[in-house]
Student: 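The following block contains the structure, expressed as structure tokens.
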There are 2 protein chains.
Amino acid sequence: MIKGLAMAVTIKDVARLAGVSASSVCRALADPARVRPETRERVEHAARELGYHPNRVARSLITGRTLNIGVVLPDLANPFFPSVVKSIQTRARELDYAVFLSDTDEDPAVEVPAIRALAKQVDGFLLCSPRAPDEDLRSFAGEKPIVVLNRRITPFPSVTADSADGMRQAVAHLHALGHRSIAYVAGPRTSWSNRDRQRGLRAATAARGMTLVDAGNVAPTVDGGAAAADLVLATSATAVLAYNDLIALGLLQRFHARGVAVPGRISVVGFDDILVAALVGPPLTTVAIAKEQIGRVGVDLLLPLMAGHEDGTARRVLPTQLIVRGSTGPAPV
Amino acid sequence: MIKGLAMAVTIKDVARLAGVSASSVCRALADPARVRPETRERVEHAARELGYHPNRVARSLITGRTLNIGVVLPDLANPFFPSVVKSIQTRARELDYAVFLSDTDEDPAVEVPAIRALAKQVDGFLLCSPRAPDEDLRSFAGEKPIVVLNRRITPFPSVTADSADGMRQAVAHLHALGHRSIAYVAGPRTSWSNRDRQRGLRAATAARGMTLVDAGNVAPTVDGGAAAADLVLATSATAVLAYNDLIALGLLQRFHARGVAVPGRISVVGFDDILVAALVGPPLTTVAIAKEQIGRVGVDLLLPLMAGHEDGTARRVLPTQLIVRGSTGPAPV
DNA sequence: AGTCAGTCTGGAATCGTTTCCAGAATATTG
DNA sequence: CAATATTCTGGAAACGATTCCAGACTGACT
């Protein structure tokens, strides 16, 4: 009895009120078919009377299952991640799982401790765009079911977007508009998606004999993009592709501030299709990826792992789709 | 030994390796001062050797504390909430708490079950803009420590923004620009902040003898705002204030689509100052609230409650600040 | 009526940790 | 050196649920 907080009602209270043993209460509630209808009735009534809800913590101690899943991601302030988390949450709730959230603030060094801290309280993890080195993450292999989103790393199942195809679409679009020299503003070096997108872009431009200008790495934020804008303008590029939409928005902002016409002087393409991409002026041409699907598919991949089936290394690659808006136009003559 | 998953190392394993009892291991790790330096050394070494981390679940069963806090909010897709969650997360991590997240999808009926489901696994709750009726929420009073954000409801401590002052600033700004008739596009009826903001706006316009036009309630989303845009134009209002930035962005979008000049024909003011507000064209004039503070202050208010101190009903009201950008201008003549 | 199969039930053990208690070891004092 | 005070330690109980086991009961059948 602590500080006036109502004492939690336990299975014993129910047992006493129903006049049966704790084991019977447990059975009656978990699997009504295993007790006589009359006891079931008595137990259910008593449980309702007292407002009994089994203590998940105590249960998980004996069953070894917590019905929780852990989600670790680099930065909730990046609008991409909330969409993913939301879809995870929705799917998790359907399956009666609760969600632990851990934001690592883009710091790779925080990831492993964050996972470690949650490990005992969850049945499995969804690692969203993890930044930590492969070896570090692999140290969890076999310890806990893990599904990785937006990154491919053996031996974990993963859900990724088809960046190569997205880049192919974007490059084809720009090529058709007459662009021959494209700059790429890269995201964090530790980001697998960044490398993946860069790789896809390199292949796509090479395939068409276009020039690819490296505009360096920046933080995947609006400020990062703004910082890269002037560098981009100093090159020969007539179009710029950003690692993600936030960077692209930063580019747009800085271009606008400097009076650089978009798409007149330079075309801008983003990646992710976050909500705001459609709202800015000019609206951003971007490569959309199925954000809501990532989370749902991730959970569905995690499920069999948590149930103990060694479904090993399923790799789901989700399609990407170029969304053409106002920020891209014909190359200047 | 289940399905190849490495068996978790328990306190007994450490005890065996260190050649001491489980209780000594516990003491050595929890409070090194209570054991002889030599045992401490042995235990620490053994723990490190085996990679032992105490099982929080088991611990919480006996201590009654989980070191988890639950966060419940209406919609992660609204950029306002991720900022709050992020600040909660940051503060919680500093204090060695982990965060449970539950998104109710703006459905008031989901809130109570969501809280109920998490109740046994957390030491306290941060309810972000809860939509459920007062009575429903009050049923948790005394059961679990709860701090409410963006809503005031006895007997819970709360953290809110000074909407009245924000509205006063916005109205003063518009009045100075010559506007005399203002429309308000309201958010969810179940939202306390919506009522609070509406109240503040009513007072501020009345104080200056201005006309306040009610443009109805819409969902707090871009689409909601777009839907309200035409209604607003049909009124005599020369300026429109939205319940939040998303609605304001929807208004801007629809105005732009219809070729309505902003701020030439009509001025637009939002609320919250979400990241994108500054990025759209024209950039949105809006009332900023200290999003990062809300979460931090909320956690700090929750802390003493979870420790058992009945600090009752602290009410923190955070300041608001009008941010003037391009979406407001002189009233048309 | 007696045997047997099957259904229900209560008691005990268990999960991994913390905490209480009492006894052992060590240190302090006259 | 003996007596006392102090520090450390191990064993056992506890947290709240689930699960195994064995015994009690029911009913069916010969």
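The sequence lines fix the lettering, A, B, ..., with proteins before strands; numbering per chain opens at 1. Every heavy atom of this structure was used, including side-chain atoms; hydrogens, water molecules and symmetry mates were not.
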Student: With no hydrogens and no angle check, is any side-chain donor or acceptor of A:D123 less than 3.5 Å from a backbone partner on A:R65?
Tutor: no
Student: Can a side chain N or O of A:T39 be found less than 4.0 Å away from OP1 or OP2 on C:dC8?
Tutor: no
Student: Can you find a pair of side-chain heavy atoms, one from A:E143 and one from A:R116, that are under 4.5 Å apart?
Tutor: yes
Student: Rounded to the nearest Å, what distance is computed from the NZ atom of residue A:K120 to the P atom of nucleotide C:dT17?
Tutor: 7 Å
Student: Between C1' on C:dT17 and CG on B:L67, what's the gap in Å once rounded to a whole number?
Tutor: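 Atom CG in B:L67 sits about 13 Å away from atom C1' in C:dT17.
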Student: Is a side-chain donor or acceptor of A:K144 paired with a backbone partner of A:A119 at a separation under 3.5 angstrom?
Tutor: yes
Student: When you look at CZ of B:R316, are more than 12 heavy atoms from neighbouring residues, nucleotides or ligands closer to it than 6.0 Å?
Tutor: no
Student: Just the rounded figure in Å: distance from P of D:dT19 to CZ of A:R27.
Tutor: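 Result: 11 Å.
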Student: Nearest whole Å is fine: how far is D:dC20 P from A:D31 CG?
Tutor: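 After rounding, the reported distance stands at 13 Å.
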Student: Using a strict heavy-atom distance below 4.0 Å, which residues from residues 41-61 of chain A are in contact with DNA chain C?
Tutor: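 When residues 41-61 of chain A is checked for heavy atoms under 4.0 Å from DNA chain C, the hits, listed by number, are A:L61.
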Student: Starting at atom CZ of B:R36, determine the distance to atom P of C:dT26, rounded to an integer number of angstrom.
Tutor: 7 Å
Student: May I ask you to evaluate whether B:S21 reaches the phosphate of D:dG10, defined as a side-chain N or O under 4.0 Å from OP1 or OP2?
Tutor: yes
Student: Expressed in angstrom and rounded to an integer, what is the separation of B:R34 atom CZ from D:dG10 atom P?
Tutor: 14 Å
Student: If you check the B:S23 side chain, which of C:dG16, D:dG11, C:dG10 turns out closest?
Tutor: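 Nearest listed nucleotide: D:dG11.
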Student: Indicate every side-chain donor-acceptor pair of residues 150-159 of chain A with a distance under 3.5 Å to a residue at least two apart or in another chain.
Tutor:
residue : atom : partner : partner atom : Å
A:N150  : ND2  : A:S129  : OG           : 3.1
A:R151  : NH1  : A:P130  : O            : 2.5
A:R151  : NH1  : A:A132  : O            : 2.9
A:R151  : NH2  : A:A132  : O            : 2.8
A:R151  : NH2  : A:D134  : OD1          : 2.6
A:T154  : OG1  : A:R138  : NH1          : 3.3

Student: Without decimals, in angstroms, what is the distance between B:I62 CD1 and D:dG16 P?
Tutor: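 One finds 9 Å between P of D:dG16 and CD1 of B:I62, rounded.
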Student: Got more than 12 heavy atoms from elsewhere within 6.0 Å of CZ, A:R315?
Tutor: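 For A:R315, atom CZ is crowded (more than 12 foreign heavy atoms under 6.0 Å).
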Student: Starting from P on D:dC8, measure out to CD on B:E38 and report it in whole angstrom.
Tutor: 12 Å
Student: Looking only at heavy atoms, what is the nearest atom pair of A:S24 and A:V35, with distance?
Tutor: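 Closest heavy-atom pair between A:S24 and A:V35: O-CG1, 4.2 Å.
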Student: Taking the nucleotide of DNA chain D with the nearest heavy atom to each, does A:C26 or B:P37 sit closer to the 5' end?
Tutor: B:P37
